[in-house]
Q: 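Below you will find the structure I want to go over with you.
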Number of protein chains: 2
Amino acid sequence: MRLLVLDFLLKQQAAVSLNDLEAAFHRADRITLYRTLKTFEEKGLVHSIADGTGSVKYALCEEGCACAPEDLHVHFHCNICNETYCLPKSRIPEIALPENFKTEEISLIMKGTCASCS
Amino acid sequence: MRLLVLDFLLKQQAAVSLNDLEAAFHRADRITLYRTLKTFEEKGLVHSIADGTGSVKYALCEEGCACAPEDLHVHFHCNICNETYCLPKSRIPEIALPENFKTEEISLIMKGTCASCS
DNA sequence: TAAAGAATGCAATGCAGTTGCATGCAAACA
DNA sequence: TGTTTGCATGCAACTGCATTGCATTCTTTA
């Protein structure tokens, strides 16, 4: 089952939600898919993206992607096709913070129209 | 009631969730507070922040804050005190996007430790 | 004062995420 | 080879937050 999910993820251009997975594997149980994603996330295979749509998306980590602050990329949510894409080439620039603020995580979500829909 | 909520918001340093409001106004109905926030948001008085904690936070808009892409500030969520702050002085820098991607909204959430908790 | 419109409160719904428990499979071990 | 142990799967149920419908109350205005 996990192999099937991994295979499915490899074929995706966009990040997938639990619902997407469920639709693709209608024979499998929602819970199993959920736990599969959680396991993948723990092992560092995928990272989760809260794109503000209410449902968390998951995408495969790139080679050497530690999903750590120093290796963060931008996520783009298209309002037309409702897909969320990783933009590994768009790095998050350094942000000036007030004194004594320590960053552990950064999440940058852009919303608009993607290349396919414009 | 709306005046009370507005007054409460004015006193806050951090963004408030619906639960925060409910705790502060335990005499008022959750739904009323919810609709009050929605109304404020529609009118441009507050902006909503999805900080990834599962509950949406609201904060008063600054003077002249159009909450538009060109006027976006950073939000900071402290993992210790669980508060979410607006950092109006930390502007979101220009991000290089792939060809034909059009941005309409940007949301940048940083997580870590705030000044009070460090 | 009467009527119209808006605000409030109660109840109920929907959805996403999550957990507990029982079952089944498969590898490790005696 | 038979047993045991651990993990994966599936079902059911629960939680929390957001949201809507409907009835009631308040306010405004003619």
Q: Starting from P on D:dA8, measure out to OH on A:Y34 and report it in whole angstrom.
A: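 About 15 Å, once rounded to whole Å.
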
Q: CZ of A:R30 versus P of C:dG17: gap in Å, rounded?
A: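 Rounded to the whole Å, the gap is 7 Å.
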
Q: Any donor and acceptor pair, going by atom type alone, linking the side chain of B:D20 with main-chain N or O of B:S17 inside 3.5 Å?
A: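 Yes, B:D20 side chain to B:S17 backbone: donor-acceptor pair under 3.5 Å.
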
Q: Write down the distance between CD (B:E22) and P (C:dT8), rounded to a whole number of angstrom.
A: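 About 15 Å, once rounded to whole Å.
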
Q: Does OP1 or OP2 of D:dA8 have a side-chain N or O of A:R2 closer than 4.0 Å?
A: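 The answer is yes; a side-chain N or O of A:R2 sits under 4.0 Å from OP1 or OP2.
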
Q: According to a strict under-4.0 Å criterion, is B:T32 in side-chain N/O contact with OP1 or OP2 of C:dG9?
A: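 Answer yes for this pair, as a side-chain N or O of B:T32 is under 4.0 Å from OP1 or OP2.
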
Q: If you check the B:A28 side chain, which of D:dC17, C:dT19, C:dG9 turns out closest?
A: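 Selected nucleotide (nearest to the side chain): C:dG9.
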
Q: Under 4.0 Å between a Lys/Arg side-chain N and an Asp/Glu carboxylate O for A:E104 and B:K111?
A: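 Between B:K111 and A:E104 there is no salt bridge, as every charged N stays at least 4.0 Å from the carboxylate O atoms.
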
Q: Can you tell which of C:dC10, C:dT18, D:dC11 lies closest to the side chain of B:D29?
A: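 Side chain of B:D29 sits closest to C:dC10.
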
Q: If you check the A:I31 side chain, which of C:dG17, D:dA18, D:dA12 turns out closest?
A: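 Within the option list, the nearest is D:dA12.
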
Q: Check for me, please, whether A:I80 and B:F101 land in the same ILVMFWY cluster - side-chain distances under 4.5 Å, paths through other members count.
A: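 Per the 4.5 Å side-chain linkage, A:I80 and B:F101 are not co-clustered.
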
Q: Determine, using the 4.5 Å side-chain heavy-atom cutoff (strictly less than), whether B:I49 and A:I106 are members of one ILVMFWY cluster.
A: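 In one cluster: no.
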
Q: Does B:R35 make a side-chain N or O approach to OP1 or OP2 of C:dG9 shorter than 4.0 Å?
A: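 Checking C:dG9 against B:R35, no side-chain N or O comes under 4.0 Å of OP1 or OP2.
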
Q: Quick one: A:E42 CD to C:dT18 C1', roughly how many Å, whole number?
A: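 Value for this atom pair: 14 Å.
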
Q: Could you state the atom-to-atom distance from CG of A:L33 to P of C:dA16 in whole Å?
A: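 After rounding, the gap between these two atoms is 14 Å.
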
Q: OP1 or OP2 of C:dA16 sitting under 4.0 Å from any side-chain N/O of A:N19?
A: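 Result: yes.
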
Q: Just N and O in the side chain of A:K38: are any of them under 4.0 Å from OP1 or OP2 of C:dT18?
A: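 For C:dT18, OP1/OP2 do have a side-chain N/O of A:K38 under 4.0 Å.
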
Q: Separation of A:R27 atom CZ from D:dA8 atom P, in whole Å?
A: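 Those two atoms, CZ and P, are 20 Å apart.
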
Q: Grab the CZ-P distance between B:F25 and C:dG9 for me, whole Å please.
A: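 It is 12 Å, rounded to the nearest whole Å.
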
Q: Please give, in whole Å, the distance from C:dA7 C1' to B:L37 CG?
A: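 Roughly 15 Å, once rounded to whole Å.
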
Q: Is a side-chain donor-acceptor pair under 3.5 Å present for B:D51 with B:T53?
A: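 A pair is found: one side chain offers a donor N or O, the other an acceptor, under 3.5 Å apart.
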
